[in-house]
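The structure appears right after this line, and notes come after that.
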There are 2 protein chains.
Amino acid sequence: MATKWLTPPEMAAWRSFIDTSGDLLRAIEKDLEPFGLDRGDYQLLAMLSEAPDNELRMCDLADSLRLTRSGLTRRMEGVLKKKLVSRVQSKEDGRVAYAQLTPKGMELLKEAAPEHLESVRKYMIDVLSPTEIKAIATAFTKIASNLG
Amino acid sequence: MATKWLTPPEMAAWRSFIDTSGDLLRAIEKDLEPFGLDRGDYQLLAMLSEAPDNELRMCDLADSLRLTRSGLTRRMEGVLKKKLVSRVQSKEDGRVAYAQLTPKGMELLKEAAPEHLESVRKYMIDVLSPTEIKAIATAFTKIASNLG
DNA sequence: CGATAATATTTGCGTCCTCAACTATTTCTT
DNA sequence: AAGAAATAGTTGAGGACGCAAATATTATCG
């Protein structure tokens with residue numbers, strides 16, 4: 001079976017994506033430092049803030065953060081110690097624990113979110129044309145549904 | 001200063017990008033497992049294979065792999081042990097060491113590359129229209145030059 | 001020329017994460 | 001209802017990487 005190589009535009013897409021996506025995420029993460037958050041913490045808080053009662057089961061939260069359960073257990077240690085999130089044991093099911101955003105966590109998130117959005121704009125959105133923005137949205141959505 | 005929120009298409013672009021890019025990279029990395037390589041190793045070998053004499057100074061290699069020098073030192077331990085890469089001390093400058101692809105490393109890379117490209121096609125390229133591919137290339141190129 | 005600064009690399013230490021194994025609880029199966 | 005299987009979460013071990021400090025070598029400046 002002959003290997004089908006990538007055409008120049010295909011290669012350009014792939015290369016620019018791998019070369020740049022890490023840099024982009026690192027740049028955005030750096031802007032979260034003043035708040036004492038890294039990207040993982042921010043995403044965790046953001047996820048909880050969008051959930052009913054600001055709480056999610058550990059395993060659902062792990063899935064949405066693309067962490068293993070054990071990875072989430074470890075990350076929780078940090079935000080628990082900072083009192084940004086609290087643990088709530090479920091009454092109905094003795095196995096499940098909820099992670100719940102505390103008022104302090106919500107407050108910090110509300111402080112950090114505008115900065116964070118500003119970073120997303122600065123490093124990504126504002127650099128792109130509306131057409132490119134739409135293309136990225138549809139492209140990654142297609143990739144995701146092809147993966148899942 | 002009022003926060004400028006993201007419009008729905010902007011939010012869709014950002015969300016789909018962060019939600020998906022990690023999954024995409026993980027899927028591609030998984031296909032490298034049969035070769036005993038992870039993505040870091042593959043990139044390292046690929047970089048060397050494109051360099052003159054199949055060798056690069058450690059610090060240049062670190063930069064192109066987006067690793068710190070110390071990170072590269074550690075990653076080198078793995079590929080050195082597997083004899084995929086060898087260390088060459090510079091004659092002109094006593095400080096610098098070169099990482100050089102071994103024949104064995106080159107051979108493995110040539111085995112793995114078609115598989116790898118096939119993964120890139122399968123998970124990314126073949127899912128997208130030519131327009132989307134071009135848009136991704138120009139978009140990430142713009143983002144990169146804005147970052148740098 | 002000699003002191004200082006710059007450059008290249010490694011090492012110690014800490015963090016984050018995964019995998020595999022373990023515990024605890026609930027849900028099937030028959 | 002009893003035993004097996006599934007589900008939720010934690011823990012121990014280990015890997016990969018960053019930061020800061022240490023080391024070695026070369027370049028620069030007075």
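Quantities reported herein were computed from a predicted structural model and do not represent experimental measurements. Lettering follows sequence order; numbering is per chain, from 1. Side chains are part of it too, since the values below use all heavy atoms of this structure and drop only hydrogens, waters and symmetry mates.
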Handout entry: Validation row: A:Tyr98, A:Leu56 side chains within 4.5 angstrom (heavy atoms)
Key = no
Handout entry: Cluster check B:Ile125, B:Tyr42: I/L/V/M/F/W/Y, side chain < 4.5 angstrom
Key = no
Handout entry: Start and end of chain A contact along DNA chain D [non-hydrogen atoms, under 4.0 Å]
Key = D:dA6 to D:dA13
Completion exercise
Scanning both residues in full, the closest heavy-atom pair of B:Met76 with B:Leu44 reads SD-CD1, 4.3 Å
Exercise for the section: For DNA chain C, note the earliest and the latest nucleotide, 5' to 3', having some atom under 4.0 Å of a heavy atom belonging to chain B. Expected result: C:dA6 to C:dC13
Handout entry: Over all atoms of both residues, closest heavy-atom pair of A:Thr102 and A:Ser86
Key = CG2-N, 3.7 Å
Exercise for the section: Work out how much the helix from C:dC1-D:dG30 to C:dT30-D:dA1 bends between its end axes, five pairs an end, to the nearest 10 degrees. Expected result: 20°
Exercise for the section: Would you check if the side chain of A:Asp53 reaches a backbone N or O of A:Glu55 as a donor-acceptor pair within less than 3.5 Å? Expected result: no
Practice task
Take B:Asp31 and B:Tyr123 through the test side-chain hydrogen bond (donor to acceptor under 3.5 Å, both in side chains) and record every step on the way to the result.
Solution key: CA-CA 11 Å; B:Asp31 292 348; B:Tyr123 297 126; 3.3 Å; yes
Practice task
Classify the angle between the aromatic ring planes of A:Phe140 and B:Phe140 as parallel (below 30°), tilted (30 to 60°) or perpendicular (above 60°).
Solution key: perpendicular
Exercise for the section: Using the side chain to side chain contact (heavy atoms under 4.5 Å, CB included) rule, pick out the option among B:Ile28, B:Ile133, B:Leu24 that qualifies with B:Met124. Expected result: B:Leu24
Handout entry: 4.5 Å side-chain heavy-atom contact, B:Leu84 and B:Leu101
Key = no
Practice task
Pull out every residue in residues 64-95 of chain A that has a heavy atom closer than 4.0 Å to any atom of DNA chain C, ordered by number, or say none.
Solution key: A:Arg66, A:Leu67, A:Thr68, A:Ser70, A:Gly71, A:Arg74, A:Arg75, A:Glu92, A:Asp93, A:Gly94, A:Arg95
Exercise for the section: Output the residues of residues 28-49 of chain B in contact with DNA chain C, where contact means a heavy atom of the residue under 4.0 Å from an atom of the strand; sort by number or write none. Expected result: none
Handout entry: Under 3.5 Å: donor-acceptor pair, side chain of B:Arg66, backbone of A:Asp19
Key = yes
Problem - Salt bridge A:Asp38-A:Arg75, side-chain N to carboxylate O under 4.0 Å - result: yes
Handout entry: Check: A:Thr7 main-chain N/O paired with A:Glu10 side-chain donor or acceptor under 3.5 Å
Key = yes
Practice task
Look at the aromatic rings of B:Phe17 and A:Phe17 and report parallel, tilted or perpendicular, splitting at 30° and 60°.
Solution key: perpendicular
Exercise for the section: Identify, with sequence neighbours excluded, every residue that meets salt bridge (charged side-chain N to carboxylate O under 4.0 Å, His left out) alongside A:Lys30. Expected result: none
Practice task
Please examine the side chains of A:Arg74 and A:Ser70, heavy atoms only from C-beta on, and report whether any two atoms are closer than 4.5 Å.
Solution key: yes
